[in-house]
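This is a predicted model, so every value here is computed, not measured. So you know, we letter chains A, B, ... as the sequences are listed, proteins then strands, and number each from 1.
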There are 2 protein chains.
Amino acid sequence: MTQTVISSASRSVVIGDDRPFVIIGERINPTGRKLLAAEMRAGDFSRVERDTIAQVEAGAHLLDVNAGIPLADEPAILARTIELVQSLTDVPLSIDSSIVEALAAGLAVYRGKALVNSVTGEEERLEQVLPLVKKYGAAVVAISNDETGISEDPDVRFAVAKRIVERASDHGIPREDIIVDPLLMPIGALPTAGRQVFRILGRLRDELKVNSTCGASNVSFGLPNREGINGTYLAMAMASGLTSAITNPLAEGVRQAVMAGDVLMGNDRDAARWIRTFRVAPAEGEQGRRINRRRALPPGPDGVGSHR
Amino acid sequence: MTQTVISSASRSVVIGDDRPFVIIGERINPTGRKLLAAEMRAGDFSRVERDTIAQVEAGAHLLDVNAGIPLADEPAILARTIELVQSLTDVPLSIDSSIVEALAAGLAVYRGKALVNSVTGEEERLEQVLPLVKKYGAAVVAISNDETGISEDPDVRFAVAKRIVERASDHGIPREDIIVDPLLMPIGALPTAGRQVFRILGRLRDELKVNSTCGASNVSFGLPNREGINGTYLAMAMASGLTSAITNPLAEGVRQAVMAGDVLMGNDRDAARWIRTFRVAPAEGEQGRRINRRRALPPGPDGVGSHR
């Protein structure tokens with residue numbers, strides 16, 4: 001089993017097919033959040049602080065940190081945000097930017113082994129990002145598109161992922177430090193999007209033997225009850241081989257689907273976490289009442305803890 | 001794509017990988033339902049009538065009918081139950097018994113092309129049940145165990161399924177009329193039960209090219225929030241290749257997971273059913289309120305209709 005280790009100064013999280021699924025909290029990201037973008041540009045990080053605490057309490061295993069604010073000094077803001085978040089939690093971070101200088105600034109201040117989000121199969125990106133990943137001993141998200149765009153053919157996307165893994169190896173980055181994102185399209189726009197990704201995920205696990213991740217909120221774009229689609233998608237992707245996702249840990253439907261997915265993949269030992277969360281709580285004067293739709297409890301210490 | 005057709009006198013349901021997932025309602029079954037068993041033995045079928053209507057209204061595509069009552073005349077009761085259910089609905093039926101004479105009695109009165117539930121890989125069962133299936137032109141559920149029991153090795157269970165398909169062919173029963181049940185164990189007792197079944201399901205679809213079914217309520221035996229496990233299991237199994245399940249269509253968590261699974265497999269065209277069920281209902285004085293946890297609506301006519 002391929003195991004990817006991401007760490008802060010004092011905590012490590014292991015991503016792998018025989019481990020509980022890893023949720024990478026997506027909230028610290030000003031893209032599409034005008035208020036957060038304005039606040040961060042003005043030096044007000046109070047919302048970042050709240051998003052950090054809330055996601056950690058909801059059981060996020062890693063936090064993605066993005067500071068993509070138009071016309072702002074993204075490297076400086078990203079570095080400052082990372083330092084702030086690391087002062088609040090020891091949950092390890094994913095450093096997220098499309099600007100190489102911002103990734104470099106983030107890596108320079110990060111304490112631990114970060115996840116760099118991301119590199120693509122584009123030649124220029126590969127030769128800019130991979131040396132940074134190697135320099136800091138980080139892991140990296142590899143997105144399976146290249147100069148020709150995103151192929152609708154799952155075998156082409158698999159081939160792009162394979163090429164990134166090979167190129168990373170040329171830079172001295174081992175296979176276990178590459179986490180492939182097979183790129184999930186909105187299912188409302190492309191009805192084959194789900195099947196494509198399930199197929200790629202199986203090949204990533206069985207043939208390329210790498211871990212995988214996915215932005216799991218995009219799939220439901222344009223549809224009602226997005227949480228219902230997102231949670232079900234994650235469970236289906238877990239069965240196909242997905243080992244982590246960048247998503248919203250506060251969405252109850254997503255959390256429950258991932259918890260059930262861990263049970264069904266045999267990665268919630270003795271179903272202990274599931275039972276702890278959903279077991280019958282005897283009410284006053286009433287023994288053994290069935291509680292099927294109980295609100296999920298705040299996770300126990302292992303939800304934000306050593307993750308086995 | 002392998003397509004299995006099951007029909008009543010006036011309606012056909014098609015099971016296949018490119019079709020909406022088929023839910024076989026499990027409720028008409030006195031096993032573990034003492035009251036229903038006592039009523040059926042005494043000739044009171046009012047609960048069977050209610051279970052029929054409720055499951056059809058909840059969107060069941062087929063109904064399983066079982067009359068397994070200890071020390072009763074099961075062939076006569078099964079035949080009577082089938083005639084009753086067919087007088088109430090044109091949803092096609094699965095005739096469910098472990099007694100060959102009961103299957104024969106049920107088939108003798110059934111109008112349409114029934115699903116026979118079930119045959120195993122045991123020599124004696126094969127030679128008793130397959131001639132009946134051939135005689136009535138029915139389809140059959142093939143359970144992947146044999147004289148040696150249920151193997152924990154998915155490859156052994158696949159081999160048993162393959163042998164049943166071959167034997168059926170010897171009897172003149174085509175591959176598309178065999179629906180394999182890979183046998184799902186409770187996940188609480190066997191943590192590898194999910195992975196085993198996901199693996200077999202992929203081989204059934206890709207190698208043996210048959211449809212599949214599963215009793216999908218057993219997996220959560222002994223756990224709290226069973227509906228949460230059952231629904232997530234079904235979605236994961238759909239991604240792996242499962243095309244039908246014997247389960248409770250009245251369980252909301254199961255219905256929602258199957259509906260989302262159909263969207264994500266590209267089998268809910270334009271996500272039309274999902275959108276119809278969950279779209280925003282503008283409340284009084286309030287435009288566009290998000291309704292994420294709305295109770296599922298009664299299905300539209302196609303829920304119990306021609307099923308494409």
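- Only the side chain of B:S240 comes within contact range of chain A, with at least one heavy atom under 4.5 Å from a heavy atom of that chain.
- Residues B:T232 and A:A235 share a closest heavy-atom pair of CG2-CB, 3.5 Å.
- Between chain B and the residues A:A237, A:S220, A:A239, A:G194, the largest count of heavy-atom pairs under 4.5 Å involves A:A239.
- Of the residues considered (A:V263, A:T192, A:L190), A:V263 shows the highest number of contacts with chain B, using heavy-atom pairs under 4.5 Å.
- Residue contact with chain B, scored on non-hydrogen atoms closer than 4.5 Å, involves the backbone and the side chain of A:D17 alike.
- Using non-hydrogen atoms only and a strict 4.5 Å limit, the part of residues 178-188 of chain B facing chain A consists of B:I187.
- For the atom pair A:Q256 CD and B:I229 CD1, the distance stands at 8.5 Å (nearest 0.5 Å).
- Interface residue B:V219: only side-chain heavy atoms are found under 4.5 Å from chain A.
- Proximity to chain A is limited to the side chain of B:F198, based on heavy atoms less than 4.5 angstrom apart.
- Residue B:R195 holds its CZ atom at 11.0 Å from CG of A:L264, rounded to the nearest 0.5 Å.
- For A:L223, the part sitting under 4.5 Å from any heavy atom of chain B is the side chain, from C-beta outward, and nothing else.
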